[in-house]
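Below, each value reflects all heavy atoms present in this structure, side chains not excepted, and no hydrogens, waters or symmetry copies. Numbering of ligands and ligand atoms starts at 1, following listing order. All of these numbers come straight from a predicted model, not from anything done at the bench.
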Amino acid sequence: MTDLRIVIAGAGGRMGRTLIRAIAESEGLKLVGALEYSGSAHLGEDAGLMAGAGPNGVTVESDVAPSLNGTDVVIDFSTPAATVRLAGRLAEAGIAHVIGTTGLSNEDNAAIADAALRTVIVKSGNMSLGVNLLAALTRRVAATLGDDFDIEIVEMHHNRKVDAPSGTALLLGEAAAAGRNRKLDDCSERGRDGITGPRVKGNIGFASLRGGSVVGEHMVIFAGTSERIELVHKAEDRALFANGALVAARWTKCGETKREPGLYSMADVLGLADF
Ligand SMILES: NC(=O)C1=CN([C@@H]2O[C@H](COP(=O)(O)OP(=O)(O)OC[C@H]3O[C@@H](n4cnc5c(N)ncnc54)[C@H](OP(=O)(O)O)[C@@H]3O)[C@@H](O)[C@H]2O)C=CC1
Ligand SMILES: O=C(O)C1=N[C@H](C(=O)O)C[C@H](O)C1
């Protein structure tokens, strides 16, 4: 079997560097490109050296064009604007796209869904098995308990994170809403401040904490009368997300064959869709 040929977008970032190290330690995977934005200080550097994995002969570049030939999959943990642009280019070229970028707007998600008509895209606000299992549990608990239990989602991340609520919190919120046969957009409650009035029954609340070096912590609270259920996930190392992204990258192919175009989730990759 030939090596899976991977390009990393957002290569100089926290996740990009973690991914480059994870690829260097994995069997059957080959880094063939590393992308950064056009003003990045990393352009021209050896991607392996930049990531602390030892030199690998791959130069950090800003243009995806030279990477399009012979690449199987691009793993992308960058910014919403960069991800949407890349999705269009990869769809044209028929290259698979694994998207971990969060902070995507409804318009961004629509553009990605359009690109997925032409190539395989795996997109998830969290690539870990634990969080995707938590989402499946959240959906079930929400379906079982009904509206008498108030659902609140609390997340905490490091002080460099730029988007809120986290992609994971939204993934968990969508799972909770689906358990109640609703759309999250119709029942999401964010950023309470001042005289907010009593809580609206059936809404799903979000609270975001930022500080220090926290990798990522999420709690789904089901608050009833005189009792409370809490489902918690704590990520301790970014390698967790990188390894999940590599599982997704391998999944974009069935043996030597490309998977059918479509927008897939980590629940699809991990076989949790019917959990
Ligand atoms: N789904 C999941 O499991 C996870 C998702 N994430 C998400 O992934 C994203 C990245 O996270 P993280 O690595 O911590 O953030 P960083 O800010 O460390 O990394 C983002 C990188 O993307 C670069 N970038 C900006 N524009 C472009 C472009 N046009 N082309 C290529 N690269 C570009 C940035 O460059 P510069 O800094 O120079 O601007 C930076 O190096 C975030 O949205 C985060 O929420 C994070 C962890 C897990
Ligand atoms: O920015 C991060 O760091 C993380 N982002 C993802 C999110 O928004 O949920 C996943 C993880 O929690 C780390």
Practice item. Compare all side-chain heavy atoms of Leu29 with those of Asp3 and state whether any distance is below 4.5 angstrom. Key: no
Revision key, fill the gap. for atom 6 (C) of ligand 2, nearest protein heavy atom and its distance come out as Gly125 O, 3.6 Å
Check your understanding: Would you say Met15 has any N or O atom under 3.5 Å from an N or O of ligand 1, going by distance alone?
Key -> yes
Exercise for review: Check each atom of ligand 1 against the heavy atoms of Gly125 and keep those under 4.0 Å away; list them by number with element.
Suggested key: 1 (N), 2 (C), 3 (O)
Practice item. Would you tell me which option among His233, His157, His158 has the nearest heavy-atom contact to atom 12 (O) of ligand 2? Key: His157
Review point. Would you call Lys161 and Glu155 a salt bridge, using N to O less than 4.0 angstrom?
Key: no
**Study point:** Protein non-hydrogen atom below 4.0 angstrom of atom 37 (O) of ligand 1 present
**Key:** no
Review point. For atom 9 (O) of ligand 2, what is the nearest protein heavy atom, given as residue, atom name and distance?
Key: Thr168 OG1, 2.5 Å
Study note, to complete from the structure: Closest non-hydrogen contact found for Met127 with Asn132 is C-ND2, 4.1 Å
Review point. Is it the side chain, the backbone, both or neither of Thr79 that has a heavy atom closer than 4.0 Å to ligand 1?
Key: side chain
Review point. Who's the nearest protein heavy-atom neighbour of atom 7 (C) of ligand 2, and how far?
Key: Gly167 N, 3.4 Å
Practice item. Compare Lys161, Arg14, His218, Arg160 and give the one whose heavy atom is closest to atom 5 (N) of ligand 2. Key: Lys161
Check your understanding: For ligand 2, is there an N or O atom under 3.5 Å from any N or O atom of Arg238?
Key -> no
Review point. Does Thr101 reach the main-chain N or O of Ser78 with its side chain, forming a donor-acceptor pair under 3.5 Å?
Key: yes
